[in-house]
Protein chains: 2
Amino acid sequence: MNLSLSHSSKKEDLSAYSKAKRDRIVKAALETFLQYGYKGTSMNRVAERAGVIKQTIYSHFNDKEGLFVAIIESLTLEHFRGQFGERIASPEAPETVLRKIAEVFADRQKDKSYIALMRTVVGESSRFPELARLYVNTVIKPGMKILTDYFDAHPELNIKDPEACARIFCGSLVSYIMTQEILYGKEILPFRMERLADNLIELILRRSSKRN
Amino acid sequence: MNLSLSHSSKKEDLSAYSKAKRDRIVKAALETFLQYGYKGTSMNRVAERAGVIKQTIYSHFNDKEGLFVAIIESLTLEHFRGQFGERIASPEAPETVLRKIAEVFADRQKDKSYIALMRTVVGESSRFPELARLYVNTVIKPGMKILTDYFDAHPELNIKDPEACARIFCGSLVSYIMTQEILYGKEILPFRMERLADNLIELILRRSSKRN
DNA sequence: GACAATTCATACCGTGCGGTATGATAATAG
DNA sequence: CTATTATCATACCGCACGGTATGAATTGTC
């Protein structure tokens, strides 16, 4: 189980015909793994969904685990690039910056494939710890660093512990998504994310917000 | 799939002999399900681990899903009772109260069976939404209510939005456990929970802490 | 001690799994 | 056009799965 990011193995030097097949397999496998989990996904299903014969999968990937790992690589690299840092570069007011970051989480909350990804990453973290580490390295770590750096670069905010503050900010929002969306808490404990974000921003900036 | 809490079906009117068998099955099934997930757990394994023949399982439970549901019921009812409210009743300083609550999370972080439970609840939340709802109702909802009520009962703390504040407090700590423990973030982004708790408490009480 | 209920050991059933073999068909490279 | 490579369709292998059948041994009840 080698989830290294560098040598994506075969992917170059393939005919367009072959590459198209490979892409369809990756896409079908991604959807299926995210929907049913690793053990719940059968190679037959993936082949059927990809409109491909099972042998074609085994000509591109060694085995089921190899396919799973390749899928995860493609996922994290594809989905989580930039998206976070872009919204923070502008020289706007801190309230605005933090609110824009909160919007990133709001977008994730609505993204079913992201919800499915979190379910899978957490659910398979025991059997595929490398998947969890990959997620931490490519999603959590960069995201946390951007926010920490922002707090560091703005001493006028009087943030005593920027890293702890970044963890509180992101953690509250992640946990909100976890409870409300992944665990269906929105049916049981309804709560608007905007209200959470308002209170979070007010706490961190130590100001009073205009809303209740 | 009926995860109602009331009628735990058969469990009464069983001979001690029979009940002992049933308990061994439940215990073995719990361990196995938490370790390998639903799809990854075979009835043969459970039987072997329980030191029981497979038919004995099927004489106590209808099928695999019925066993899984019964296990979850026993789990949530057994593990998460009180534990949270007890530590908050005392008329101590708010710092102390909040720190004691943070200790509950610190204990959970060290509890491998709790980590395994969270992995399973999240990982199976797509295939077993009732399990997720049960967790929200028996763990998250009561815990959140206790903290919300505490904030409500102490207006001198100047908490504008007690419920939002409770979500921030618990959410930060839950997310910390998720990242550090479940996703192995402690190897990648080491961070002491005490430091997080200090900053959280300081933010919420709007005071300066004595530590760094 | 007798009788009913439960658990035992063992074997079995059908099914779907991961993965492979074979030989025909279609696409690419020279 | 030819040779090679990749994908096709189909069938197969061994295995582990969820779940059941049968009959002997063990347990609780009276």
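Atoms considered below: every heavy atom in the structure, side chains included; atoms not considered: hydrogens, waters and symmetry mates. Residue numbering restarts at 1 for every chain, and letters A, B, ... go by the order of the sequence lines. Values in this document were obtained by computation on a predicted structure and should not be read as measured data.
A straight line from CD of A/Gln55 to P of D/dT10 spans 15 Å, rounded to a whole angstrom. Going from atom CD1 of A/Ile57 over to atom P of D/dC8 covers 10 Å, rounded to whole Å. One interatomic measurement links the two molecules: CE of B/Met43 to P of C/dG14, which rounds to 21 Å at whole-angstrom precision. In this structure, B/Asp23 places its CG atom 12 Å from P of C/dT7, rounding to the nearest Å. Straight-line distance from the OH atom of B/Tyr58 to the C1' atom of C/dC12: 14 Å, rounded to whole Å. Regarding A/Phe68, its CZ atom lies at a distance of 16 Å from the C1' atom of C/dG18, rounded to whole Å. The separation between A/Lys19 atom NZ and D/dT5 atom C1' is 19 Å, rounded to whole Å. Straight-line distance from the CD atom of A/Glu65 to the C1' atom of C/dG18: 13 Å, rounded to whole Å.
A salt bridge links B/Asp149 and B/Lys145; the closest N-O separation between the charged side-chain nitrogens and carboxylate oxygens is under 4.0 Å. A salt bridge does not link B/Arg45 to B/Glu48: none of the charged side-chain nitrogens sits closer than 4.0 Å to a carboxylate oxygen. Ion pairing of B/Arg127 with B/Glu124 is present here, as a side-chain N (NZ or NE/NH1/NH2) and a carboxylate O approach within less than 4.0 Å.
The residue among A/Lys64 and B/Thr56 whose nearest nucleotide of DNA chain C lies closer to the 5′ end is B/Thr56. With DNA chain C read from its 5' end, the first of the two nearest nucleotides for B/Lys54 and B/Gly51 is the one closest to B/Gly51.
The heavy-atom pair separating B/Val136 from A/Leu183 by the smallest distance is CG2-O, 3.4 Å.
Residue A/Ser42 places its side chain closer to C/dG18 than to any other of C/dG18, C/dC8, D/dT7. Checked against D/dA9, D/dG18, C/dT20, the side chain of A/Ile53 finds its nearest nucleotide in D/dA9.
For B/Glu187, the CD atom sits in a packed shell: over 12 heavy atoms of surrounding residues, nucleotides or ligands are nearer than 6.0 Å.
OP1 or OP2 of C/dC17 sits under 4.0 Å from a side-chain N or O of A/Asn44. Here B/His60 reaches the OP1 or OP2 of C/dT7: one of its side-chain N or O atoms lies under 4.0 Å away. Within the structure, a side-chain polar atom (N or O) of A/Lys21 is placed less than 4.0 Å from OP1 or OP2 of D/dC8.
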